[in-house]
Amino acid sequence: QVQLVESGGGLVQGGGSLRLSCAASGTTFSITVIGWYRQAPGKQRELVASITSGDTTSYADSVKGRFTISRDVAKNMVYLQMNSLKPEDTAVYYCNAWVRRTLANYWGQGTQVTVSS
């Protein structure tokens with residue numbers, strides 16, 4: 001079992017920055033991939049960035065060059081540094097942990113990011 005708690009969301013102006021944090025607890029040693037997803041009103045939830053247990057990172061085209069995902073294994077933390085924010089980035093951002101051995105997914109409660117124009 002894995003528990004995830006996101007924090008760091010808020011209201012920023014276009015061009016600004018935020019850093020989101022995801023704190024993991026429980027059987028964190030079993031996590032294969034951590035992903036940051038977002039869901040805007042009226043839109044499907046989309047994967048914006050991910051990092052594997054081997055430190056391989058991936059990004060959606062819409063955020064490449066602006067967002068950076070990283071992890072601190074010792075602290076069981078994953079971060080999403082968001083720079084040059086645009087109003088289109090406004091969404092609820094969710095942290096997700098995937099455990100390959102059991103094909104289990106665990107979700108945090110989400111944190112709201114609002115970027116004003």
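Just so we're clear, the structure is a prediction, and the values are computed from it rather than from any experiment.
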Asks: Nearest 0.5 Å, please: how far is CG in Asn76 from OG in Ser25?
Replies: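 Rounded to the nearest 0.5 Å, the OG-CG separation comes out at 8.0 Å.
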Asks: Could you tell me whether Phe67 and Trp36 have their ring centroids closer than 6.0 angstrom?
Replies: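 Ring centroids of Phe67 and Trp36 are no less than 6.0 Å from each other.
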Asks: Under the side-chain contact (heavy atoms from CB on, under 4.5 Å) criterion, do Thr90 and Val113 qualify, and how do the steps go?
Replies: CA-CA 5 Å; Thr90 295; Val113 172; 5.9 Å; no
Asks: Looking at NZ of Lys86 and CZ of Arg66, how far apart are the two atoms once the value is rounded to the nearest 0.5 Å?
Replies: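 Lys86 atom NZ to Arg66 atom CZ measures 4.5 Å (nearest 0.5 Å).
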Asks: Only counting residues at least two apart or in another chain, list the ones meeting ring-ring contact (aromatic ring centres under 6.0 Å, His included) with Tyr79.
Replies: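 Scan of Tyr79 (ring-ring contact (aromatic ring centres under 6.0 Å, His included), adjacent residues dropped) gives none.
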Asks: Could you tell me whether Lys64 and Asp61 make a salt bridge, using a distance below 4.0 angstrom between a side-chain N and a carboxylate O?
Replies: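 Salt bridge present between Lys64 and Asp61.
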Asks: Can Val92 and Thr111 be said to form a side-chain contact (heavy atoms from CB on, under 4.5 Å), step by step?
Replies: CA-CA 5 Å; Val92 177; Thr111 185; over 6 Å; no
Asks: Please report the closest heavy-atom contact between Ser116 and Pro87, naming both atoms and the distance.
Replies: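 Taking Ser116 first and Pro87 second, the nearest heavy atoms are O-CG, 4.2 Å.
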Asks: Given Glu46 and Tyr37, is the side-chain contact (heavy atoms from CB on, under 4.5 Å) satisfied, shown in steps?
Replies: CA-CA 5 Å; Glu46 63 174 343; Tyr37 291 74; 5.9 Å; no
Asks: Same cluster or not: Val99 versus Phe29, using hydrophobic residues (I, L, V, M, F, W, Y) connected whenever any side-chain heavy atoms lie under 4.5 Å apart?
Replies: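 Result: no, two separate clusters.
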Asks: Would you mind listing every side-chain hydrogen bond (donor to acceptor under 3.5 Å, both in side chains) that reaches into residues 13-22, with sequence neighbours excluded?
Replies: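 Residue pairs with at least one partner in residues 13-22: Ser17-Asn83.
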Asks: In the structure I gave you, are the side-chain heavy atoms of Asp55 and Thr57 within less than 4.5 Å of one another anywhere?
Replies: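 They are not in contact (no side-chain heavy atoms under 4.5 Å apart), so the answer is no.
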Asks: Can you confirm whether Ile31 sits close enough to Val2 that some side-chain heavy atom of one is under 4.5 Å from a side-chain heavy atom of the other?
Replies: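 Yes. Closest side-chain heavy atoms under 4.5 Å.
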Asks: If you round to the nearest 0.5 Å, how far is CG of Asp89 from OG1 of Thr114?
Replies: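 The CG atom of Asp89 is 11.0 Å from OG1 of Thr114, to the nearest 0.5 Å.
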Asks: Provide the full list of side-chain hydrogen bond (donor to acceptor under 3.5 Å, both in side chains) pairs with a residue in residues 97-106, sequence neighbours left out, each pair given once.
Replies: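 Only Asn96-Asn105 qualify under side-chain hydrogen bond (donor to acceptor under 3.5 Å, both in side chains).
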Asks: Side chains of Leu4 and Trp107, heavy atoms from C-beta outward: is any pair under 4.5 Å?
Replies: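 Contact flag for Leu4/Trp107 side chains = no.
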Asks: State the CE-OG1 distance between Met82 and Thr68, to the nearest 0.5 angstrom.
Replies: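 If we round to the nearest 0.5 Å, Met82:CE and Thr68:OG1 are 11.0 Å apart.
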Asks: Hey, what do you get for CD1 (Ile51) to OG1 (Thr32), rounding to the nearest 0.5 Å?
Replies: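 Rounded to the nearest 0.5 Å, the CD1-OG1 separation comes out at 13.0 Å.
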Asks: Indicate if Val12 and Val48 have the same hydrophobic cluster label, given that clusters are the connected sets of ILVMFWY residues with side-chain heavy-atom separations under 4.5 angstrom.
Replies: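 Yes.
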Asks: So, do Arg71 and Ile34 sit near enough that their side-chain heavy atoms are less than 4.5 Å apart?
Replies: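 Arg71 does not reach Ile34 side chain to side chain.
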Asks: Just do the side-chain contact (heavy atoms from CB on, under 4.5 Å) check on Gln39 and Gln44 with the steps written out, would you?
Replies: CA-CA 6 Å; Gln39 188 165 26; Gln44 295 185 359; 5.5 Å; no
Asks: Quick one: does Ser58's side chain have a donor or acceptor within less than 3.5 Å of a partner on Ala49's backbone?
Replies: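 A pair under 3.5 Å: no.
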Asks: For the CD atom of Gln112 and the CZ atom of Arg38, what is their distance to the nearest 0.5 Å?
Replies: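 One gets 12.0 Å once the value is rounded to the nearest 0.5 Å.
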Asks: Please say yes or no: joined through hydrophobic side-chain contacts below 4.5 Å, possibly via intermediate residues, are Leu18 and Tyr59 part of one cluster?
Replies: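 Linked within one cluster.
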